[in-house]
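Each ligand, and each atom within it, is numbered from 1 in the order the structure gives. Since the structure is predicted, the reported quantities are computational estimates derived from the model, not experimental observations.
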Amino acid sequence: MSIGSGIPGLGVEVARVPEAVRRRVDAWAREGLTVALVPTMGALHEGHRTLIRAARSGADRVVVSIFVNPRQFAPNEDLATYPRTEIEDLAALTDEGADLAWVPAPDVVYPPGFETTVRAGSLGEPLEGLHRPGFFDGVATVVAKLFALVRPHRAYFGEKDYQQLLVVARMAVDLDLGVQVVPVPTVREADGLAMSSRNVLLSAADRAVAPVLHRTLSRMAARLADGASEPAAEIAWGREKLLAAGFSAVDYLEVRDPRTLAPVARAGVAARILAAVRLGPVRLIDNLPVG
Ligand code: PAF
């Protein structure tokens with residue numbers, strides 16, 4: 001079944017069953033068209049729109065998936081409260097000129113009897129992997145399914161989820177999926193806060209504190225880049241700064257190798273600073289390159 005959204009003014013074609021996606025991408029393949037995929041969990045914001053624009057400039061046709069993937073949420077996490085804004089999302093896709101929205105229900109993606117899990121390797125173990133066990137297996141599994149169904153030439157992922165980007169790029173190579181994973185720089189609010197669907201859950205008071213995360217990472221990155229300080233000292237400084245600003249916890253604040261995510265012990269080498277912090281009910285992540 002391939003249906004329009006059925007909502008006046010929303011022109012993007014919406015597929016809710018795999019056959020509808022297959023039929024559309026088969027037709028594009030027969031025409032020799034290239035296809036880009038932008039995987040999302042909906043609640044679309046300017047960061048997603050940027051991914052879609054990049055996808056449009058990199059391929060003839062753009063598929064955007066909207067699926068809040070239950071397999072990447074632990075039982076204590078925010079699956080139930082994750083923002084869901086399907087009508088606004090379809091309007092945004094229409095606006096951005098996406099060609100197909102893949103909007104499956106959970107039991108379409110994981111029907112009864114579903115058994116298979118793609119296990120993320122060592123790139124998925126540290127950082128988010130330590131704090132969210134099973135998260136990257138959930139991501140790798142759903143992204144593998146998306147790649148298998150849509151068979152895109154390219155897939156676009158934001159650098160905000162830097163570790164996810166590395167895990168997915170590795171998986172695409174390891175499983176010979178033939179998909180080029182394209183990183184897209186983080187889109188930020190004017191005050192530096194990285195755009196995220198979860199930002200709407202911040203109270204006004206927490207929203208005022210949130211940009212301190214980016215400011216702290218920027219200061220650390222600048223000092224590491226000019227060799228003024230070593231990673232351990234910067235991490236200690238950054239933790240203190242974040243806690244003093246009002247973040248209730250720092251899950252991690254690390255300086256890591258940008259390709260392997262191994263710890264970096266000295267300044268003056270390629271590195272990425274990655275952080276996850278808690279603010280009220282919201283967990284924020286962000287990262288910046290050094291230099
Ligand atoms: O980054 C996200 O929104 C999700 O992790 C993704 C890649 C859509 C998989 O569910």
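Among Pro39, Ser197, Pro70, the residue whose heavy atom lies closest to atom 8 (C) of ligand 1 is Pro39.
Within the 3.5 Å criterion, the main-chain N or O of Trp237 finds no donor-acceptor partner in the side chain of Glu240.
In the vicinity of Gln164, heavy-atom distances shorter than 4.0 Å reach the ligand 1 atoms 1 (O), 2 (C), 4 (C), 5 (O), 7 (C). Taking every non-hydrogen atom of Gln72 and a distance limit under 4.0 Å, the qualifying atoms of ligand 1 come out as 4 (C), 5 (O), 9 (C), 10 (O). Each of the atoms 9 (C), 10 (O) of ligand 1 lies under 4.0 Å from some heavy atom of Val142.
With a heavy-atom cut-off of 4.0 Å, Thr40 touches ligand 1 through its backbone alone.
A perpendicular orientation is assigned to the rings of Phe114 and Tyr110, their planes being inclined by more than 60° (bins at 30° and 60°). Ring pair Tyr252/His131 is tilted by interplanar angle, where 30° to 60° counts as tilted. Classification of the Tyr82-Phe73 ring pair by plane angle, with boundaries at 30° and 60°, yields perpendicular.
Counting heavy atoms from C-beta outward, Leu261 and Gln163 have side chains that approach closer than 4.5 Å.
From the protein, the heavy atom lying nearest to atom 3 (O) of ligand 1 is Met41 CG, 3.5 Å.
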